[in-house]
Amino acid sequence: QLQLVESGGGLVQPGGSLRLSCATSGFTLDHYATGWFRQAPGKGREGVSCIGRADGTIRYADSVKGRFTISRDNANNTLYLQMNSLKPEDTGVYYCARGKFWVGPVCQMSVSWFDYWGRGTQVTVSS
């Protein structure tokens with residue numbers, strides 16, 4: 001059964017760090033692009049970062065460049081998002097997702113490029 005399960009969210013003070021994990025099953029991780037998205041209250045889902053098929057291109061939203069790092073452990077079928085220097089505007093539900101079959105080594109942080117999603121993990125940045 002194909003699944004993506006996020007973990008690692010929580011409450012953190014501004015300037016703090018969190019590491020999100022996305023455990024996947026039912027498919028071979030490096031055969032697909034994967035990505036992280038987030039959704040703040042009252043807003044639409046936005047792309048945070050993605051990594052292309054076969055560990056191809058990595059992309060970040062301008063708002064997180066230099067602070068977030070996406071990686072994946074293909075042997076353990078797990079995707080990660082290391083988040084440093086967190087800001088209150090990073091607050092939201094974070095989702096991991098698998099790219100559609102036609103997405104190759106170059107990914108794009110567009111919701112329409114992804115077909116399977118986890119249920120999300122809450123990240124709250126507040127003092």
Side-chain angles (χ1 to χ4, degrees):
Q1 183 179 0
L2 199 155
Q3 281 190 314
L4 299 97
V5 181
E6 304 93 339
S7 62
L11 173 65
V12 63
Q13 292 187 340
S17 297
L18 283 174
R19 188 194 196 200
L20 304 184
S21 299
C22 173
T24 71
S25 60
F27 66 100
T28 302
L29 187 59
D30 66 346
H31 288 189
Y32 292 85
T34 48
W36 287 97
F37 293 76
R38 67 187 181 189
Q39 188 164 12
K43 295 188 176 181
R45 195 166 297 190
E46 65 169 347
V48 175
S49 182
C50 67
I51 182 168
R53 181 192 299 171
D55 293 338
T57 302
I58 290 178
R59 290 187 169 175
Y60 296 98
D62 287 343
S63 59
V64 307
K65 279 181 183 176
R67 300 188 297 122
F68 290 13
T69 303
I70 190 172
S71 63
R72 61 187 186 190
D73 180 344
N74 295 321
N76 290 303
N77 299 312
T78 304
L79 179 70
Y80 299 100
L81 185 69
Q82 178 66 43
M83 307 188 296
N84 299 328
S85 303
L86 282 160
K87 304 175 181 180
E89 51 263 43
D90 294 318
T91 294
V93 179
Y94 283 68
Y95 301 89
C96 61
R98 191 193 79 168
K100 292 181 177 177
F101 73 94
W102 47 261
V103 180
V106 178
C107 61
Q108 182 167 317
M109 293 177 292
S110 172
V111 170
S112 63
W113 282 44
F114 293 80
D115 54 3
Y116 285 93
W117 298 79
R119 292 191 172 187
T121 185
Q122 176 70 45
V123 172
T124 303
V125 185
S126 175
S127 55

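We're numbering straight along the sequence, starting at 1. The analysis underlying the following values was restricted to heavy atoms, covering all of them including side chains, and did not include hydrogens, waters or symmetry mates.
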Is it the case that R98 and T24 place a side-chain donor and acceptor less than 3.5 Å from each other?
no

Any donor-acceptor N or O pair under 3.5 Å, side chains S110, S112
yes

Could you walk me through whether Q82 and S17 pass the side chain to side chain contact (heavy atoms under 4.5 Å, CB included) check?
CA-CA 8 Å; Q82 178 66 43; S17 297; 4.0 Å; yes

Pairs flagged by ring pair (Phe, Tyr, Trp, His ring centres under 6.0 Å) wherever residues 84-109 is involved - sequence neighbours left out:
W102-W113

Can you check side chain to side chain contact (heavy atoms under 4.5 Å, CB included) on V103 and Y32, steps first, answer last?
CA-CA 7 Å; V103 180; Y32 292 85; over 6 Å; no

What residues form a side-chain contact (heavy atoms from CB on, under 4.5 Å) with D62, not counting sequence neighbours?
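Residues passing side-chain contact (heavy atoms from CB on, under 4.5 Å) with D62: K65.
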
Non-hydrogen atoms of [X] and [Y] that approach each other most closely:
X    : Y    : answer
F114 : G35  : CE2-N, 3.6 Å
V93  : Q122 : CG2-OE1, 3.3 Å
S126 : P14  : C-CD, 3.6 Å
N76  : T78  : O-OG1, 2.9 Å

When rounded to the nearest 0.5 angstrom, what distance separates CD1 in I70 from CG in L79?
5.0 Å

Spacing of I51 atom CD1 and I58 atom CD1 [to the nearest 0.5 Å]
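Those atoms lie 4.0 Å apart.
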
Validation row, ring centre Y116 to ring centre F27 under 6.0 Å
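No - the distance between ring centres of Y116 and F27 does not fall below the 6.0 Å cut-off.
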
I'd like to know whether the aromatic ring centres of W117 and F37 sit less than 6.0 Å apart in this structure.
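Centroid separation for W117 and F37: below 6.0 Å.
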
Only pairs under 3.5 Å count here: list side-chain donor-acceptor contacts from residues 2-11, not counting sequence neighbours, and write none if there are none.
from, atom 1, to, atom 2, distance (Å)
E6, OE1, R119, N, 3.1
E6, OE1, G120, N, 2.8
E6, OE2, C96, N, 2.9
E6, OE2, G120, N, 3.3

Student check: side-chain heavy atoms of R59 and V106 closer than 4.5 Å
yes

Within-4.5 Å side-chain heavy-atom neighbours: M83 and V125
no

